Structure formats: structure tokens, C-alpha cells
Amino acid sequence: MAHWLMKSEPDEVSIDDVAAAPAQTVLWFGVRNYQARNFMRDGMRVGDQVLFYHSSCAEPGIAGIVEVASTAFPDPTQFDPASPYYDPKASAAAPRWVSLDVRLVRRCAPLGLKQLRAFPELAAMRLLAKGSRLSVMPVEAAEWDFIAARLGAP
DNA sequence: GCCAACGTTGGC
DNA sequence: GCCAACGTTGGC
């Protein structure tokens, strides 16, 4: 089983939104970066565990754990001209972008970006690399174990 | 709002 | 295939 990290702006979809969703499951949509898409399409499998990261907000950091609940399928927003994620170059016959479902595993006490940076054990984490902007990325097993052991109750 | 870093686009 | 221009991300 692989481990991942996904960024979401809490103004759009927060960990609380996942918790409040039917079956505590939400559609992960709007990824428009090829590297992130490839991780979703080629790497993510049902049951994989995912750190849910809040970005572009007052307190960026890890907010909980979700799990992959479906394999990838075409992201419906790419076909919707009314959506901000509309991609005129995508078609039903040749979709470009994928979505998948994620389900809540648990919320946690926020583990902030500043705290993450303070752990020497996490110095090599992709999330913390200079200029890292990927919204979907793998997490090494050792990094996962280290972080999971430090997630408090919400 | 600023700005560094990065990805994408498009002219050549 | 190069690379400048542009757009986006995301922390601060």
C-alpha cells in the first residue's frame, strides 16, 4: 500500500467538508498538473492512505488522513464550460484530467507547515522541498510513519 | 498584495 | 527543440 499527500484549499474542500459528506466521501477534482494527474491515474489504488493538507490558508498544514476510495476516472469538471476547471482541449473521447473518490479516515489536530519543517526527520520530504507546488505527491513510508505517530486527536 | 519558483505556451 | 513570456501556486 502506497502513501500520498494531497493539498486542498479549505475554502474549497476542507477536512470538515469530507467528514460532513455522504459516506464521508468526496470527489477529488480540479487537478490540472500532469505530474499530479499521473500520480492519481497510475499510482493511486483503492485503500492507499493520504495525508490531507490544507494549503493557501491561515494555517497551512496536515488536517487529517483520508483514503483512496476509487481508481481514477475522467474528471467531470473538465467537460463543464461553467466550471473554473473547464478544459476546452479535453473531450469525452480524449479526456485529459482525472478524478477519484477519497474517504475520511480521521481528522487530526492540525500539524502545521512550520512544525513539519522543524523535524530533521522530514527534511527530505517532497512537500518541504524549495519551490514545491505539486498538489498530489507520494510520501515515503518512513515519513508517513513518523508523521502518523505525531498526529493528535482533533 | 508580494514574490519566488515552477509549468505551460507559442513563436521561431 | 529552444527559450522568452506568461500564468499559477502558495507561503508570507
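A note on names: the letters A, B, ... follow the listed sequences, proteins ahead of strands, and every chain is numbered from 1. Treat the numbers as computed from the prediction; the structure is a model and nothing was measured.
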Worksheet item: Linking Ile, Leu, Val, Met, Phe, Trp and Tyr by side-chain heavy atoms under 4.5 Å, what else ends up with A:Tyr34?
Response: A:Trp97
Distances for protein N or O near nucleotides 1-4 of chain C N or O, under 3.5 Å:
none

Practice prompt. Would you mind listing every salt bridge (Lys or Arg N to Asp or Glu O under 4.0 Å) that reaches into residues 105-118 of chain A, with sequence neighbours excluded?
Written response: A:Asp16-A:Arg107
Quick one: side chains of residues 49-61 of chain A, donor-acceptor pairs under 3.5 Å with protein atoms, not counting sequence neighbours, listed by atom name and distance.
unit_1  : atom_1 : unit_2  : atom_2 : d
A:Gln49 : NE2    : A:Gly47 : O      : 3.2
A:Gln49 : NE2    : A:Glu67 : OE1    : 3.3
A:His54 : NE2    : A:Ile15 : N      : 3.1

N/O donor to acceptor pairs below 3.5 angstrom from side-chain atoms of residues 23-30 of chain A, sequence neighbours left out:
unit_1  : atom_1 : unit_2  : atom_2 : d
A:Gln24 : NE2    : A:Ala19 : O      : 3.2
A:Thr25 : OG1    : A:Ala23 : O      : 2.7

Worksheet item: How does each nucleotide of nucleotides 6-12 of chain C score, in 5' to 3' order, for protein heavy atoms under 4.0 Å: base (B), sugar-phosphate only (S), or none (-)?
Response: -BBBBS-
Worksheet item: Do any pairs count as a ring pair (Phe, Tyr, Trp, His ring centres under 6.0 Å) and have a residue in residues 57-81 of chain A, sequence neighbours left out, and if so which ones?
Response: none
Discussion item. Taking salt bridge (Lys or Arg N to Asp or Glu O under 4.0 Å) as the definition, give me every residue that meets it alongside A:Asp145, ordered by chain and number, with sequence neighbours left out.
Written reply: none
May I have the list of side-chain donor-acceptor pairs in residues 4-12 of chain A shorter than 3.5 Å, sequence neighbours left out?
unit_1  : atom_1 : unit_2   : atom_2 : d
A:Trp4  : NE1    : A:Asp48  : OD2    : 2.9
A:Lys7  : NZ     : A:Leu134 : O      : 3.2
A:Ser8  : OG     : A:Val13  : O      : 2.6
A:Glu12 : OE1    : A:Tyr85  : OH     : 3.0
A:Glu12 : OE2    : A:Tyr85  : OH     : 3.0

